[in-house]
Amino acid sequence: MYRMSRENYALITGGSSGIGLAFARELAADGWNLVLVSRDKNLESMAEKLKVEFDVNVETLRADLSIKVDLERVEKRLIDETKPVEILINSAGFVLHESLVNGNLERQMAAFAVMAEAILILSQAAAQTLKKRGAGRIINIASTSAWLYNGNYSALKRWVVVYTSSLALELRGTGVTATAVCPGETKTDFHANGGRNRPNIPEWLWCQPEQIARTGLRAAEKGRAVYVPTIKWRLFTWACQHFRGLARLTSHKTVTKRIKETEQKNDRN
């Protein structure tokens, strides 16, 4: 695994659960010190577990990335040269199934702040800092949903793919890489945390977060700008790219079902 110094850190947003935690565990197992950024109540306890299990330093930053002052604190830690961060992983996010017609605008704007604005600000800060050192990794978690039309969630994830690809081009030859990791459906608490059931898809389609983290880090080391873990989901994105009608049909069925579930839940509340 690439490393300039064992004294340096990897900063992971959404690092206390799900795919972010899987990245944290993978890096800690290789001796990396960590900065975990999350608003989860289990942040400190998870950090302590990682410290004990892997014998690394683990800092915590409790932050809601949709709040400007919290985001500024994370950015400040990211560019701190006294304890340099060499790897940035933007993994924070949440379920977004809002209707584009009648959906909750406040929740959609919060999603833009966390899954686009925060990635833009933190990636740029990391790129500037790492470029001066001549080495580093930026990993932004996107989704195979980027090739579908599932409302603003798909739009945001597509933005992550295009933005990260553009950043990778600009950083070419600097020693710094930018990679958009695009998982398919992954067995985490992502849906449950958003008050939703996991999608009803065949068992063989599910990915494990450890697999996403391990192969995502490998893709970043190789300088891949866009990486879709597992052959099955790479075939899925290929089909969506080449058969747009299929992508639209799949999206329509999914969106219609999820909006109906959301409206029913709101009615009950």
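Just the heavy atoms: all of them, side chains too, but no hydrogens, waters or symmetry mates, feed the values below. Counting from 1, the numbers follow the sequence of the chain as shown.
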*For a side-chain contact (heavy atoms from CB on, under 4.5 Å) with P183, tell me which candidate from T215, I212, T144 qualifies.*
I212

Over 12 foreign heavy atoms within 6.0 Å of [atom1], [X]:
X: I231; atom1: CD1; answer: no
X: E59; atom1: CD; answer: yes
X: E81; atom1: CD; answer: yes

Using side-chain heavy atoms (C-beta onward) and a distance below 4.5 Å, is [X] in contact with [Y]?
X: L61; Y: R73; value: yes
X: F112; Y: N152; value: yes
X: R158; Y: V162; value: yes
X: V161; Y: W147; value: yes
X: I139; Y: N90; value: no
X: L34; Y: F54; value: no
X: Q108; Y: Y153; value: no
X: L88; Y: L78; value: yes

Atom [atom1] of [X] and atom [atom2] of [Y]: how far apart are they, to the nearest 0.5 Å?
X: T186; Y: I141; atom1: OG1; atom2: CD1; result: 9.5 Å
X: N42; Y: S17; atom1: CG; atom2: OG; result: 6.5 Å
X: K132; Y: I79; atom1: NZ; atom2: CD1; result: 8.5 Å
X: Y227; Y: T164; atom1: OH; atom2: OG1; result: 16.0 Å
X: L50; Y: L27; atom1: CG; atom2: CG; result: 10.5 Å
X: L156; Y: L96; atom1: CG; atom2: CG; result: 7.0 Å

Just by modelled atom types, is the [Y] backbone N or O under 3.5 Å from a matching donor or acceptor in the [X] side chain?
X: N104; Y: R107; value: yes
X: D70; Y: D64; value: yes
X: N33; Y: N57; value: yes
X: S45; Y: L43; value: no
X: T174; Y: L171; value: yes
X: R62; Y: R39; value: yes
X: T179; Y: V181; value: no
X: S154; Y: G151; value: no
X: S143; Y: C182; value: no

At their closest point, which heavy atom of [X] faces which heavy atom of [Y], and how far apart are they?
X: L11; Y: V74; result: CD2-CG1, 4.2 Å
X: I12; Y: G20; result: CG2-O, 3.7 Å
X: T177; Y: G223; result: CG2-CA, 3.9 Å
X: K41; Y: E44; result: O-OE1, 4.3 Å
X: D40; Y: S16; result: OD2-OG, 3.0 Å
X: P84; Y: R133; result: CB-NH2, 3.5 Å

*asked:* Between K68 and E117, does the salt bridge (charged side-chain N to carboxylate O under 4.0 Å, His left out) criterion hold? Intermediate values first, please.
replied: CA-CA 10 Å; K68 184 178 179 181; E117 185 178 347; over 6 Å; no

_Run W32 and E86 through side chain to side chain contact (heavy atoms under 4.5 Å, CB included) and show every step you take._
CA-CA 10 Å; W32 282 85; E86 278 188 50; 3.8 Å; yes

Electrostatic pair [X]-[Y], nearest N-O below 4.0 angstrom:
X: K232; Y: E185; value: no
X: R25; Y: E53; value: yes
X: D80; Y: K83; value: no

*Do R137 and V176 pass the side chain to side chain contact (heavy atoms under 4.5 Å, CB included) test, and can you show the C-alpha distance, the side-chain angles, and the key distance before you say yes or no?*
CA-CA 6 Å; R137 303 284 181 264; V176 183; over 6 Å; no

*Should S91 and T13 be marked as a side chain to side chain donor-acceptor pair (under 3.5 Å) after you check the CA-CA gap, both sets of side-chain angles, and the distance that decides it?*
CA-CA 5 Å; S91 184; T13 70; 5.9 Å; no

*Anything under 30° is parallel, anything over 60° is perpendicular, the rest tilted; go ahead and classify Y163 against W159.*
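Ring orientation of Y163 relative to W159: parallel.
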
*Hey, does the Lys NZ or Arg CZ of R77 hover above the aromatic six-ring of Y9, less than 6.0 Å from the centre and inside 45° of the axis?*
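Yes - R77 lies over the ring of Y9, closer than 6.0 Å to its centre and within 45° of its axis.
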
_Evaluation steps, side chain to side chain contact (heavy atoms under 4.5 Å, CB included), between L21 and L36_ = CA-CA 9 Å; L21 176 59; L36 301 185; 5.6 Å; no

*Under the side chain to side chain contact (heavy atoms under 4.5 Å, CB included) criterion, do F23 and E26 qualify, and how do the steps go?*
CA-CA 5 Å; F23 272 98; E26 193 73 25; 5.7 Å; no

